[in-house]
Protein chains: 2
Amino acid sequence: MEADEAVETIQREMTAFARRARASAGRMHPELSLVSYTLLGHLEESGGCRATDLAAHYALDKSTVSRQVAALERARLIERRVDPEDHRVQVLHLTGTGRRILAQVTESRRTAFRERLAHWPAEDLERFAAYLVRYNAWPPEGYGDDDQETDQEQEADQEQEADQ
Amino acid sequence: MEADEAVETIQREMTAFARRARASAGRMHPELSLVSYTLLGHLEESGGCRATDLAAHYALDKSTVSRQVAALERARLIERRVDPEDHRVQVLHLTGTGRRILAQVTESRRTAFRERLAHWPAEDLERFAAYLVRYNAWPPEGYGDDDQETDQEQEADQEQEADQ
DNA sequence: CGGCTTGGTTGTATAGTACAACTTGAATGA
DNA sequence: TCATTCAAGTTGTACTATACAACCAAGCCG
């Protein structure tokens, strides 16, 4: 296999993956869509943040986040606390239930991934992981994304071509 | 890095990728959604097939495919030919326009991917590609998806449940 | 023939998303 | 101080992708 061909394959496989991802996500955890799951995860690791931060981080419109947040609040998975410093701001926090559900879904996702990767040699797992990190980390630097975040996401950028 | 941790990373990165994918849908090629692109691609490589085949192949409901096909036909990207053998069947074919648009979109996607992967050593590209294929090809045999693979396509299978 | 199966369409409902208009509260600057 | 402008969120509207269920129409089988 040669480099150009490898690029084709990567494109094709990432696209195939992207196309299927959401559909199957909903099937496994009807109670928590992929987006909700991600938002909850972000709240957990950030220890609470504003809706605007989520929007910037995930390159979503603030109205979209507003509605997602409203749904999560309705489901009692998160709660809002008005920032005493600035009454426009609502700091979002996980509730106990939210934390529990998040942990459950995380666990079941983990199981699925583990099963899927069970027969892979450790060396391959490590290399694959590293490649994915490298691929996703390609932020030809930010454009909408303030996101001070540490870990994994640079989001926005790659949105571009990720798929379609 | 150790195997378990690698699995975590793979899960996290694949999820991040999946989450963003659709969001970007339409930004690059408003004229051809991800699904439409995929369907067109399938028609090209299969040289024409039935709506039912597409549905089975991509684990989509037949009604979804029906509407997608209708849209593609309206856009003159594909055409239907009634199978003279069986009047229930409509064999779908790309039109010249369809072939052209598909080629354009493929090319622009290719460019984006190439840019993104430009600085990767060939060896890494090849390994990454191989890992993705392996990951996506995980059909621990069908369970919802009959997809009887009649003639031309095998590669399809993986549609199943890509992630999570 | 009559019933079952298969391919496809249509009605209906839902999720997720964007964009634009609007509200409310803060900050700024003359 | 007050008017302007900015920032955070919400709401109205619209559109896409999707599923499921009800349906129709054409073959097939016994």
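Chain letters run A, B, ... following the sequence lines, proteins first, then strands; residues in each count from 1.
- Atom CG in Leu72(A) sits about 13 Å away from atom C1' in dA15(C), given to the nearest Å.
- With dG8(C), dA8(D), dA18(C) as the candidates, the nucleotide lying closest to the side chain of Val89(B) is dG8(C).
- The side chain of Lys62(A) approaches dG9(D) more closely than any other nucleotide in the set dG9(D), dG7(C), dT17(C).
- OP1 or OP2 of dT9(C) lies within a sub-4.0 Å distance of a side-chain N or O belonging to Ser66(B).
- Place Ser36(A) and Pro84(A) on DNA chain C by their nearest nucleotides, and Ser36(A) ends up nearer the 5' end.
- Within the 3.5 Å criterion, the main-chain N or O of Arg50(B) finds a donor-acceptor partner in the side chain of Asp53(B).
- In this model, the phosphate group of dA7(D) is not approached by any side-chain N or O of Thr52(A) to a distance below 4.0 Å at OP1 or OP2.
- Under 3.5 Å, the side chains of Ser36(A) and Ser33(A) contain a donor-acceptor pair of N or O atoms.
- In this structure, CG of Asp83(B) is placed 9 Å from P of dG27(D), rounded to the nearest angstrom.
- When rounded to the nearest whole Å, the span between CG of Leu60(A) and C1' of dC19(C) equals 14 Å.
- Arg110(A) CZ: more than 12 foreign heavy atoms inside a 6.0 Å radius.
- Per the geometry, CD belonging to Glu73(A) stands 13 Å off C1' belonging to dT10(D), to the nearest Å.
- Contact check, Gln90(A) against dA8(D): no side-chain N or O comes under 4.0 Å of OP1 or OP2.
- Across the interface with DNA chain D, nearest-nucleotide mapping of Asp61(B) and Ala51(A) shows Ala51(A) to be the residue nearer the 5′ end.
- When distances are taken from the side chain of His87(A) to each of dA18(C), dA26(C), dT11(D), the shortest belongs to dA26(C).
- Side-chain N/O atoms of Arg88(B) and base N/O atoms of dT6(C) include a donor-acceptor pair closer than 3.5 Å.
- Heavy-atom minimum distance, Leu40(B) versus Leu102(B): O-CD2, 3.7 Å.
- At a cut-off of 3.5 angstrom, the base of dT13(D) holds at least one donor-acceptor pair with the side chain of Arg67(A).
- With rounding to the nearest 0.5 Å, the separation of CD in Gln90(A) from CZ in Arg81(A) is 12.5 Å.
- Side-chain atoms of Thr106(A) and Tyr37(A) include a donor-acceptor pair closer than 3.5 Å.
- Rounded to whole Å, atom P of dA19(D) lies 13 Å from atom CG of Leu54(B).
- Looking at Asp83(B) and Arg88(B), no side-chain N of the basic residue comes within less than 4.0 Å of a carboxylate O on the acidic one, giving no salt bridge.
- Paired with Ile78(A) under the rule side chain to side chain contact (heavy atoms under 4.5 Å, CB included), one option of Thr97(A), Leu43(A), Leu39(A) passes, and it is Leu43(A).
- To the nearest angstrom, C1' of dT24(C) lies 16 Å from CZ of Arg50(A).
- Here the P atom of nucleotide dC28(D) and the CG atom of Asp86(B) are 6 Å apart, to the nearest Å.
- Within 4.0 Å (heavy atoms only), Val65(B) reaches no atom of the nucleic acid at all.
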Base-pair string, DNA chain C, Watson-Crick plus G-U, cut-off 3.5 Å on both distances, | for inter-strand, is ||||||||||||||||||||||||||||||
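- Distance Tyr58(B) OH to dA19(D) P: 15 Å, rounded to the nearest Å.
- In this structure, Ser63(A) does not reach the dG12(D) phosphate: none of its side-chain N or O atoms is under 4.0 Å from OP1 or OP2.
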